[in-house]
Amino acid sequence: MRDNKLHTPDGFRDYLPRDYKFKLDIQSKIESVFNSHGYVPVSSPMLEYMEVFENKGSIPPTQMYRMFDREGDILTLRSDMTPPIARIAATNFSSDDFPLRFRYTENSFRCHESYKGKAGEFTETGVELIGASNVEADAEVIALAVKCLLAAGLSDFRVYIEHPGLISGALTESGLTRSDQTAAMNFLSDRNIAAAGKFLSTKTLGTDLRKLTGRLNSLTGGRALLDEMRGLSLGETAANVLEELARTNEILEDYGLSEYIRFDLGLSGHLDYYTGMVFRGYALGVGFSLLDGGRYDNLLPHYGMNACAVGFAVKIDNLVSILQKEAQPIVCDALIGYSAYVRKFALDAADELRRQGLIIENGLLIGNKTDGLNEHLSLARRKGIPGVIYFEGENSVRICDLVHNTSKTITIAELLRGDAL
Amino acid sequence: MNHLTLALAKGRLAIQTMELFESIGITCQEMKSKSRKLIFESEERKYRFFLSKASDVPTYVEYGAADIGVAGADTLSEENRSLYEALDLGFGKCKMVVAGLPTSLERLNRGNDIRVTTKYPNIASRYFYQKRRQTVEIIKLNGSVELGAIVGLSDVIVDLVETGDTLKANGLVVLDEICDISARLVVNRVSMKMKYEQVIDLIKRLEERIYDKSI
């Protein structure tokens, strides 16, 4: 029998200090990118009414943790941050406040099948830009996605932009029957390129559309691909989509970030609340995307606000697992020790050093032993702390450098001037 | 340059896959020798191969432990992982069917009170619940599924049929066809993007080869 009091539930984990500090550092690097672009923080409750998540394209209810409150209403642990932010925007703000720029760092929850290694709880740091519908807004948010991966310390990554409207538009205007269109789009949203290609190869399509559907696997590239596709006649919708993507790309070139951007025109994306372009960030080292985002113009109307929106979230835990090798052990800068009668001098001096930015730990050994200094030295060695500051008398401080194995006695004034450290 | 790592479903599928790879110039003698190695490198060292149980191939690929996998459509459909299905390799052809004693056809068509034994509970439940809209009781077995129907554990079975010989020898018949099965090449979502040139090069070479053969 498993002794449950010693375990976390399947899919849930602890973060121990070294990894957790590393995770918080990454979050704060990303948050400061968002902050510097004028995105303000919001927070929503972990529990929401089920209805908040009952919108087109939300994750299936079986993947949500659900429970009842006393009145019998169904509550759910939030499974995604975008619906709560849309609810907050719709119920607290008006179009006078547009454009709204929100950022958040929160944990969301999903209830997965056992033994599939999927996280039940995951952290997302993200932004939503609400009330702006143009390509400038799309490009701002995509640029932020690139900037935050750079800020987190990644260099070898790509942000891929997809647009479900391209292929669906081209197929709609191609004269295919509705059921054939649906069948093809279902294959594409399942990422079943083989089946989609095979299915479409049996249908009558125009020459230009055939050029597109004949290479669904390799509709990936940058500006050149967009230009090539714009040369084909794929119908009005597809032409508009390509025009929009080309303009987005042009703005990203002005941001100086287009080297990180690629387009994948062969996918129809997931069937979710996104209504326009969708983008995802990828890097080698983890088998899943690092960030997901896109334009969702139908979600806010669902909560009663007439507004377009675009946003994305970084999956912090995936990013941590790629960068984890770089996590450093956490060690303070020095340990202080003192005899009881000089405690006040020692505590004051330690606070002054902390104001100067050092991390100072109290040795906590006072009163137990008479041989204070040696006790502190052995504690510092055991914990890998590089220095010991031992207050021997009212104005006599012993400084021990355990890295270079040196020590000297100085005054408190000298200590605070930083001469010794 | 990074390796491409490929997970192959152990057995005949892996042998046929390697034959196909050899025909486009990717050879791996190591794999043919009876060594105890688990991972093999191709001669030009651009590809690494490993063999795994068929049903584990989608898992390796979903997590990116392998960039590419080769497995039957039956396994992919049963595991239902989030992957790119990039290419139908055209071999390993068979059908997923509902089979049973000739007398069970009436029972199959009549109603909900049906017991099904299968190695593929997800495929079976999708078929019965979504396509036939029947509520059935599905019992998972791990091998020789035909026995279920013969000894009376179940009314029908859902299983792969290649020649139909096993069914015939046991007095069972195909009652309905669920879908066509063949070997598929699947790609991890990140590898498809971050190793795009290598992946697409391989896909194109295979595609040309398969297309040539089918003419």
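Only heavy atoms go into these numbers, but all of them, side chains included; no hydrogens, no water, no symmetry mates.
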(message) If we ignore hydrogens and angles and just use 3.5 Å, is the side chain of Tyr282(A) paired with the main-chain N or O of Arg189(B) as donor and acceptor?
(response) no
(request) Kindly say whether Ala194(A) contributes a backbone atom to a donor-acceptor pair with the side chain of Asp88(B) at under 3.5 angstrom? (result) no
(request) Could you look at Phe288(A) and say if it's the side chain, the backbone, both or neither that has a heavy atom under 4.5 Å from chain B? (result) both
(message) Any non-hydrogen side-chain atom of Lys195(B) less than 4.5 Å from a side-chain atom of Leu284(A)?
(response) yes
(message) Within the supplied structure, the quantity of interest is the number of heavy atoms (other residues, nucleotides, ligands) at a distance under 6.0 Å from Glu44(B) CD; does it exceed 12?
(response) yes
(request) Name the region of Leu83(B), side chain, backbone, both or neither, that has any atom closer than 4.5 Å to a heavy atom of chain A. (result) backbone
(message) With heavy-atom distances below 4.5 Å as the criterion, would you say the side chains of Arg191(A) and Glu85(B) are in contact?
(response) no
Show every donor-acceptor pair shorter than 3.5 Å between a side-chain atom in residues 7-16 of chain B and any protein atom, with sequence neighbours excluded, or say none if there are none.
residue	atom	partner	partner atom	Å
Arg12(B)	NH2	Glu162(B)	OE1	3.1

(request) Identify the residues of residues 212-224 of chain A whose heavy atoms come closer than 4.5 Å to a heavy atom of chain B, ordered by number, or report 'none'. (result) Asn217(A), Ser218(A), Leu219(A), Thr220(A)
(message) If I measure from the heavy atoms of chain A, does Tyr196(B) come under 4.5 Å with its side chain, its backbone, both, or neither?
(response) side chain
(request) To the nearest 0.5 Å, tell me how far Met194(B) CE sits from Arg158(A) CZ. (result) 5.5 Å
